[in-house]
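Computed over heavy atoms, backbone and side chain alike; hydrogens, waters and symmetry mates excluded. To find a chain, count down the sequence lines: A is the first, B the second, and so on, and within it residues start at 1.
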Number of protein chains: 2
Amino acid sequence: MEDGAGDDLYQELWRLCAGPLMDVPCVQDRVFHFPPGHIELAEMESDEVYARITLQPSSDTDPLDPNPICSEKPKQKFYSFIKTLSTSDTSTHGGFSVLRKHANECLPQLDMTMENPTQELVAKDIHGVEWKFKHIYRGHPKRHLLTTGWSSFVAAKKLVAGDSFVFLRGENGQLRVGVRRLNPLQSPTSSSVVSTQNMRLGVIVTASHSVMTNTMFVVCYKPRFVSIF
Amino acid sequence: MEDGAGDDLYQELWRLCAGPLMDVPCVQDRVFHFPPGHIELAEMESDEVYARITLQPSSDTDPLDPNPICSEKPKQKFYSFIKTLSTSDTSTHGGFSVLRKHANECLPQLDMTMENPTQELVAKDIHGVEWKFKHIYRGHPKRHLLTTGWSSFVAAKKLVAGDSFVFLRGENGQLRVGVRRLNPLQSPTSSSVVSTQNMRLGVIVTASHSVMTNTMFVVCYKPRFVSIF
DNA sequence: TTGTCGGCGGAAGGCCGACAA
DNA sequence: TTGTCGGCCTTCCGCCGACAA
């Protein structure tokens, strides 16, 4: 999807959107004789993040074999904040109020010699879609705001007060934005076509078929609904 | 969902939204030793219609046994039209232009002694949700239009030029509205969580399990994607 | 007959500082 | 410091008849 440096940022964005307790383990997988390999994703409609884990049955019986894939360290430093949205933040009346601490730590520096310093921020969400925001420092007393572009983001992501806005900057200056919802958007399909029962049976059959024929299969791991499978 | 007379209308609405070639057969089911019984539905998001068919394995071996359920005749007459939406119909600039023939045949009569005769139409969609439209006969030359309320319907149903608007009136004066799309809305889940493979396997297992244990099971029949199952 | 347009009035969007919690 | 509000300007919505295909 992106050049090398960007992948780190997407992975960090995924972590931020999923929440601190939702890291996907990849070492213990070996205990069940499945060499790991997973990919982080997000739903198109809700931006709900999930992990797709590709599993292949293995005859390797040593669960203590160190896993080279997980031993890599992140190479760059990240600057990020998460803010719970106020009523004003999500209202169509105005923009987004950036807390001073967040602005100082995470937003690119403004030229403070100007009367009303302003800049355009261009950030990508977890799908790689670009979002533009006007960042301005104005008012009395002075404050940081996101104005033009913010309301489109709120509408497109269907954000309401209580949801959280995720912002991330890499050392190289690349920006990412994301969303963490207070109440997940209900999927239209969950109530109609796809029965949980059918899915569960399908997964079981797929897994056993995979073991018998020694072929690969895929599991989707959704932080919000871990207990389903 | 509704009192008796309304059910007929919903069934007719389902037929109109699915298209003339999409009637759900219910006689030949017997040939496969499944006493029939189905219910028409529509997806919450796209209004795509489908049929949910409940099947129970049967030891009855006479395929020619007449089916009493399908021999009933509809009791009331329906007045309906389907119009392909023009660019103007779906534009936010104005309302919906009702073809004269359609207005004469299907819309409730206006009081033509008025200068600009108008009335409010209240119609339910396939979910039972009410939609209100202002119907007015005005302009030079005179024409039938749906104005206030129409744009909300277009936005909510995500209609674009080329899609079709379905209108239905029963003898009792009850009104129904529906939608038939040129290009189906792609479901966000179809590209992510739910794999066709898992669904297919789930259905097969459910069916064989049903036969073995002689219990009921359910199949969803979607006119647009008959070939999937 | 009916699709599209210009005109226009009103509602909502959205940028601003004021102010108080 | 920052959530909310009144003010005000602009954009877009949406109802109208005109007009031509």
Side-chain angles (χ1 to χ4, degrees), chain A residues 81-107 114-121 131-156 158-165 167, chain B residues 81-107 110 114-121 131-156 159-165 167:
Chain A
F81 69 80
I82 298 180
K83 185 198 175 193
T84 301
L85 300 176
S86 69
T87 307
S88 298
D89 288 332
T90 54
S91 151
T92 58
H93 187 64
F96 172 82
S97 189
V98 187
L99 304 189
R100 179 167 298 274
K101 179 177 151 70
H102 291 164
N104 290 338
E105 292 175 357
C106 306
L107 296 188
M114 309 286 291
E115 170 59 21
N116 278 340
T118 184
Q119 65 182 331
E120 184 178 60
L121 304 180
W131 299 90
K132 299 181 180 179
F133 306 95
K134 178 179 179 182
H135 167 210
I136 192 169
Y137 184 65
R138 62 164 171 82
H140 303 282
K142 292 275 193 186
R143 69 203 306 180
H144 292 270
L145 297 164
L146 300 186
T147 57
T148 311
W150 171 253
S151 67
S152 304
F153 184 80
V154 169
K158 297 186 173 63
L159 296 178
V160 296
D163 292 340
S164 295
F165 176 56
F167 186 92
Chain B
F81 69 80
I82 299 181
K83 185 200 175 192
T84 301
L85 299 176
S86 69
T87 306
S88 298
D89 288 332
T90 55
S91 150
T92 58
H93 187 65
F96 172 82
S97 191
V98 186
L99 302 190
R100 178 168 299 273
K101 177 178 153 71
H102 292 164
N104 290 338
E105 293 175 357
C106 305
L107 295 188
L110 285 171
M114 309 286 292
E115 170 58 21
N116 279 338
T118 183
Q119 64 180 333
E120 183 178 61
L121 305 180
W131 298 91
K132 299 181 179 178
F133 306 96
K134 178 178 178 183
H135 167 211
I136 190 169
Y137 185 63
R138 62 164 171 80
H140 302 283
K142 293 275 193 186
R143 68 204 305 183
H144 292 270
L145 298 165
L146 300 186
T147 58
T148 310
W150 170 254
S151 68
S152 305
F153 184 80
V154 169
L159 296 177
V160 297
D163 292 340
S164 295
F165 176 57
F167 186 91

| task | Please list residues of residues 141-148 of chain A whose heavy atoms come under 4.0 Å from any atom in DNA chain C, ordered by number; otherwise none. | result | A:R143, A:T147, A:T148
| task | Give, ordered by number, those residues of residues 132-140 of chain A having at least one heavy-atom distance below 4.0 Å to an atom of DNA chain C; if nothing qualifies, reply none. | result | A:I136, A:R138, A:G139, A:H140
| Looking only at heavy atoms, what is the nearest atom pair of A:T84 and A:S164, with distance? |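 A:T84 and A:S164 have their closest heavy atoms at OG1-OG, 3.6 Å.
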| query | Shortest non-hydrogen contact from A:A156 to A:W131? | reply |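 Heavy-atom minimum between the residues: CB-CH2, 3.4 Å.
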| said: Within the 4.0 Å heavy-atom criterion, would you say B:S91 contacts the bases, only the backbone, or no part of the nucleic acid? | reply: nothing
| In dot-bracket notation, what is the pairing pattern of DNA chain C, taking Watson-Crick (N1-N3 plus N6-O4 or O6-N4) and G-U wobble (N1-O2 and O6-N3) contacts under 3.5 Å, with [ ] crossing and | for other strands? | |||||||||||||||||||||
| query | Which pairs pass salt bridge (charged side-chain N to carboxylate O under 4.0 Å, His left out) with one or both residues in residues 81-95 of chain A, sequence neighbours excluded? | reply | A:K83-A:D89
| request: Can you sort out the partners of A:K132 under side-chain contact (heavy atoms from CB on, under 4.5 Å), two or more places apart, ordered by chain and number? | output: A:E120, A:V122, A:E130
| task | For A:Q119, enumerate each residue passing the side-chain contact (heavy atoms from CB on, under 4.5 Å) test, keeping only those at least two apart in sequence or located in another chain. | result | A:P108, A:L110, A:L121, A:H135
Would you tabulate the pairs of protein nitrogen or oxygen atoms and nucleotide nitrogen or oxygen atoms of nucleotides 8-13 of chain D closer than 3.5 angstrom?
residue : atom : partner : partner atom : Å
D:dC13  : OP2  : B:T92   : OG1          : 3.1

| For A:F81, all residues meeting ring-ring contact (aromatic ring centres under 6.0 Å, His included), sequence neighbours excluded |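 A:F81: ring-ring contact (aromatic ring centres under 6.0 Å, His included) contacts with A:H102, A:F167.
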| query | Can you name the residues that form a ring-ring contact (aromatic ring centres under 6.0 Å, His included) with B:W150, not counting sequence neighbours? | reply |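 Result, ring-ring contact (aromatic ring centres under 6.0 Å, His included) vs B:W150: B:F96, B:F153, B:F165.
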| By side-chain hydrogen bond (donor to acceptor under 3.5 Å, both in side chains), which residues pair with A:K142, not counting sequence neighbours? | A:N116
| task | Could I get the full list of side-chain hydrogen bond (donor to acceptor under 3.5 Å, both in side chains) partners for B:R100, not counting sequence neighbours? | result |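 For B:R100 the side-chain hydrogen bond (donor to acceptor under 3.5 Å, both in side chains) partners, ignoring immediate neighbours, are B:Y137.
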| field | Nucleotide range of DNA chain C lying under 4.0 Å from chain B heavy atoms | value |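 For DNA chain C, the relevant span reads C:dT1 to C:dG7.
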| Considering heavy-atom distances to DNA chain D, does B:G95 or A:S88 have its closest nucleotide positioned more toward the 5' end? | A:S88
